[in-house]
Amino acid sequence: MSEIPAVLITGASTGIGATYADRFARRGHDLVLVARDVVRMEALANRLRQETGVAIDILPADLTKAEDLAKVETRLRDDTRIGILVNNAGTAIGKSFVEQSVDDMTRLIALNATALVRLSSAIAPRLANAREGAIINIGSVVGLAPEFGMTVYGATKAFVLFLSQGLAHELGSKGVYIQAVLPATTRTEIWDHVGADVNAMSNVMEVGDLVDAALVGLDRREPVTIPPLHDGGQWDRVDGARKSMLGNLVNALPAERYRTTA
Ligand SMILES: NC(=O)C1=CN([C@@H]2O[C@H](COP(=O)(O)OP(=O)(O)OC[C@H]3O[C@@H](n4cnc5c(N)ncnc54)[C@H](OP(=O)(O)O)[C@@H]3O)[C@@H](O)[C@H]2O)C=CC1
Ligand SMILES: N[C@@H](C=O)C(=O)O
C-alpha cells in the first residue's frame with residue numbers, strides 16, 4: 001500500500017459520497033469512485049483532478065446487481081493501492097411498512113446492508129494481512145431510533161452499526177480501523193427519493209459540515225462518530241450500559257421472572 005492510500009468510495013456521484021471524494025482528494029488521496037451515474041462521476045473526477053492533481057478512476061456499478069458488485073469486490077481484493085473503503089452508497093424508501101412493496105424493501109436491504117458486507121469481506125483480509133487500512137461505514141441516527149418510523153431503512157442502519165462494531169472488535173487488533181458514521185438529516189438528494197422536501201425540514205445539516213465532522217472523528221480514530229449529537233457523553237453512556245450487560249447475558253437457567261409456578 002502506498003504511503004497515502006487510495007480510497008474507494010461507493011455512492012460517490014452525489015451527496016455525502018461526492019463530498020468525501022472532494023475532501024479525500026484535497027488530502028492527497030487517489031480515488032476510485034463507484035456509483036451508477038457515470039456522467040456525474042466524470043464531472044466530479046475532472047474537477048478534482050484539475051483542482052488537486054490526484055489520480056481518479058471511475059468504476060460504474062449498481063451495487064444491487066451481483067455482477068456489478070463482483071467487479072467492485074475484485075477491485076478491492078486486487079488493487080493493493082486501496083487502503084480505505086468508504087461504504088456510503090445507500091438509499092431510503094418512503095411510506096409506512098404496510099404501504100412499502102416487499103421488492104423495494106429487498107432492494108433497500110441489498111444496497112444498504114448486503115453490499116457493505118460483501119465489500120468489507122473483499123478488502124478486510126488484505127488489510128488485516130497488511131495490518132493497516134480503514135473501513136468507513138455510513139449508518140444513520142435512524143438506526144438508533146425505531147420511533148422515527150422508518151422501520152426497514154432504520155433496521156439496515158442498525159445493521160451497519162452492529163457490523164461496524166463487530167468488525168472493529170475482530171479487526172482492531174489486526175491494525176484495521178473501522179468507523180461507523182451516523183448522520184442525521186443532511187441536505188442531499190436522498191430526500192427526493194423518499195418524497196420529502198428537505199427544504200421544509202428543520203435542523204438540516206449541510207453535507208460539507210457533516211463530512212468535515214466525520215473526518216474529525218476519523219482522525220481521532222473514533223469507533224462511532226455521530227456529528228449531530230452535541231452531548232457525546234450520551235452515546236458513551238448508552239454504549240457503556242450495553243457493555244455492562246454483557247457479563248449477564250448468558251446463563252443456564254431462565255431468569256426468575258420467567259419461571260412457571262404451576
Ligand atoms: N442525507 C441524509 O439525511 C442522510 C443520509 N444517510 C446515509 O448516507 C449515505 C449517502 O446518502 P446521501 O448522500 O444522503 O444520498 P444521495 O441520494 O444524495 O446519494 C446516494 C449515492 O448512492 C448512490 N447509489 C444509489 N443507489 C445505488 C446503487 N444501486 N448502486 C450504486 N450506487 C448507488 C447514488 O449514485 P447513483 O444514483 O449514481 O448510483 C449516490 O451517489 C446513505 O447510506 C444514507 O443512508 C444517513 C443519514 C442521513
Ligand atoms: N437518510 C435519512 C433518511 O431518509 C436519514 O437517515 O435520516
Side-chain angles (χ1 to χ4, degrees), residues 8-23 31-45 58-73 85-95 100 104 106-116 118-119 136-161 163-164 179-199 201-211 213-214 225-229:
L8 186 144
I9 304 168
T10 68
S13 62
T14 185
I16 294 171
T19 308
Y20 264 108
D22 179 275
R23 301 307 195 261
L31 302 175
V32 182
L33 308 181
V34 177
R36 294 166 302 179
D37 190 328
V38 180
V39 174
R40 279 181 134 181
M41 286 191 287
E42 285 290 4
L44 175 65
I58 288 169
L59 187 50
D62 180 338
L63 296 175
T64 63
K65 297 206 167 116
E67 62 275 23
D68 286 12
L69 203 43
K71 275 194 309 189
V72 185
E73 289 172 57
L85 165 64
V86 184
N87 273 317
N88 162 77
T91 196
I93 48 177
K95 303 190 184 147
Q100 290 167 350
D104 285 347
T106 305
R107 268 191 298 275
L108 185 73
I109 294 165
L111 180 63
N112 289 13
T114 308
L116 271 72
R118 296 200 64 107
L119 298 182
I136 301 168
N137 292 324
I138 309 300
S140 167
V141 297
V142 178
L144 300 174
E147 294 76 8
F148 286 4
M150 301 178 74
T151 302
V152 181
Y153 174 81
T156 67
K157 294 304 185 180
F159 180 93
V160 172
L161 176 60
L163 179 74
S164 306
Q179 182 193 27
V181 176
L182 278 55
T185 309
T186 308
R187 196 179 311 282
T188 71
E189 293 169 12
I190 200 169
W191 295 102
D192 301 340
H193 305 306
V194 296
D197 179 5
V198 71
N199 296 316
M201 295 176 187
S202 53
N203 294 321
V204 178
M205 194 173 287
E206 298 304 327
V207 68
D209 291 340
L210 182 268
V211 173
T225 298
I226 312 178
L229 184 66

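Side-chain atoms are counted along with the backbone in the values below, which use heavy atoms only and exclude waters and symmetry mates. Ligands are counted one by one from 1 in listed order, and the atoms in each one are counted from 1 as well.
Of all protein heavy atoms, the one lying nearest to atom 16 (P) of ligand 1 is Ile190 N, 3.9 Å. For atom 35 (O) of ligand 1, the closest heavy atom belonging to the protein is Ser13 OG, 2.8 Å. Protein heavy atom at the shortest distance from atom 42 (C) of ligand 1 is Asn88 O, 3.2 Å. In terms of protein heavy atoms, atom 26 (N) of ligand 1 is closest to Arg36 NH2, 3.2 Å. Regarding atom 13 (O) of ligand 1, its nearest protein heavy-atom neighbour is Ile16 N, 2.8 Å. Of the protein's non-hydrogen atoms, the one nearest atom 30 (N) of ligand 1 is Leu63 N, 2.9 Å. The protein atom (non-hydrogen) at minimum distance from atom 31 (C) of ligand 1 is Ala61 O, 3.3 Å. Among all non-hydrogen protein atoms, the one lying nearest atom 3 (O) of ligand 1 is Thr186 N, 2.8 Å. Considering only non-hydrogen protein atoms, atom 1 (N) of ligand 2 sits nearest to Tyr153 OH, 3.0 Å.
Residue contacts with ligand 1: Ala184 is included, with a non-hydrogen atom under 4.0 Å away. Heavy atoms of Gly139 approach ligand 1 to within less than 4.0 angstrom.
Of all the atoms in ligand 1, the ones that sit under 4.0 Å from a non-hydrogen atom of Trp191 are 1 (N), 2 (C), 3 (O). Atoms of ligand 1 lying under 4.0 Å from at least one heavy atom of Glu189, given by number and element, are 17 (O), 18 (O). Taking a cut-off of under 4.0 Å to the non-hydrogen atoms of Ser140, the atoms of ligand 2 that pass are 5 (C), 6 (O), 7 (O). For ligand 1, the atoms closer than 4.0 angstrom to any heavy atom of Ser140 are 46 (C), 47 (C). Set against the non-hydrogen atoms of Gly15, the atoms of ligand 1 under 4.0 Å away are 13 (O), 18 (O). Listed by atom number, the atoms of ligand 2 under 4.0 Å from Val142 heavy atoms are 5 (C), 6 (O), 7 (O). Taking every heavy atom of Ile190 and a limit of under 4.0 angstrom, the matching atoms of ligand 2 come to 1 (N). Close approach to His193 involves these atoms of ligand 1, each under 4.0 Å from a residue heavy atom: 17 (O). Atoms of ligand 1 lying under 4.0 Å from any heavy atom of Thr185, numbered from 1 in the order shown and given with element: 3 (O). Interface atoms of ligand 2 facing Trp191, defined by a heavy-atom separation under 4.0 Å, are 2 (C), 3 (C), 4 (O), 7 (O). Ligand 2 places these atoms under 4.0 Å from at least one heavy atom of Ala92: 4 (O). Interface atoms of ligand 2 facing Met150, defined by a heavy-atom separation under 4.0 Å, are 3 (C), 4 (O). Interface of Ile138 with ligand 1, defined as ligand atoms under 4.0 Å from a residue heavy atom, comprises 7 (C), 8 (O), 9 (C).
By the 4.5 Å heavy-atom criterion applied to side chains, Asp68 and Leu63 are not counted as neighbours. The shortest distance between side-chain heavy atoms of Met205 and Pro183 does not fall below 4.5 Å. Using a 4.5 Å heavy-atom threshold, the side chains of Thr188 and Thr14 count as separate. Looking at heavy atoms from C-beta onward, Val141 lies in side-chain contact with Phe148 at the 4.5 angstrom threshold. Put simply, the side chain of Asn112 does not reach to within 4.5 Å of the side chain of Val160, judged on heavy atoms. Counting heavy atoms from C-beta outward, Arg187 and Asn199 have side chains that approach closer than 4.5 Å. Looking only at side-chain heavy atoms (C-beta outward), Leu108 and Tyr153 come within less than 4.5 Å of each other. Taking 4.5 Å as the limit, every side-chain heavy atom of Val152 sits out of range of all side-chain heavy atoms of Asp104.
When Ala35, Gly17, Gly90, Ala18 are checked for heavy-atom proximity to atom 20 (C) of ligand 1, Gly90 turns out nearest. For atom 14 (O) of ligand 1, the nearest non-hydrogen atom from the set Thr188, Val211, Asp62 belongs to Thr188.
The CG atom of Leu210 sits 7.5 Å away from the CD1 atom of Ile138 when rounded to the nearest 0.5 Å.
The only member of Ile136, Leu119, Val32 that meets side chain to side chain contact (heavy atoms under 4.5 Å, CB included) when paired with Leu85 is Leu119.
Under 4.0 angstrom from ligand 1, there are no non-hydrogen atoms of Arg187. Residue Ala12 touches ligand 1 through its backbone alone, judged by heavy-atom distances below 4.0 Å. Neither the backbone nor the side chain of Arg40 has any atom closer than 4.0 Å to an atom of ligand 1 (non-hydrogen atoms only).
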Worked check of salt bridge (Lys or Arg N to Asp or Glu O under 4.0 Å) between Lys65 and Asp62 = CA-CA 6 Å; Lys65 297 206 167 116; Asp62 180 338; 3.7 Å; yes
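The shortest N or O to N or O distance between Thr185 and ligand 2 is not under 3.5 Å.
For CZ of Arg118, the number of neighbouring non-hydrogen atoms (other residues, nucleotides, ligands) closer than 6.0 Å is 12 at most.
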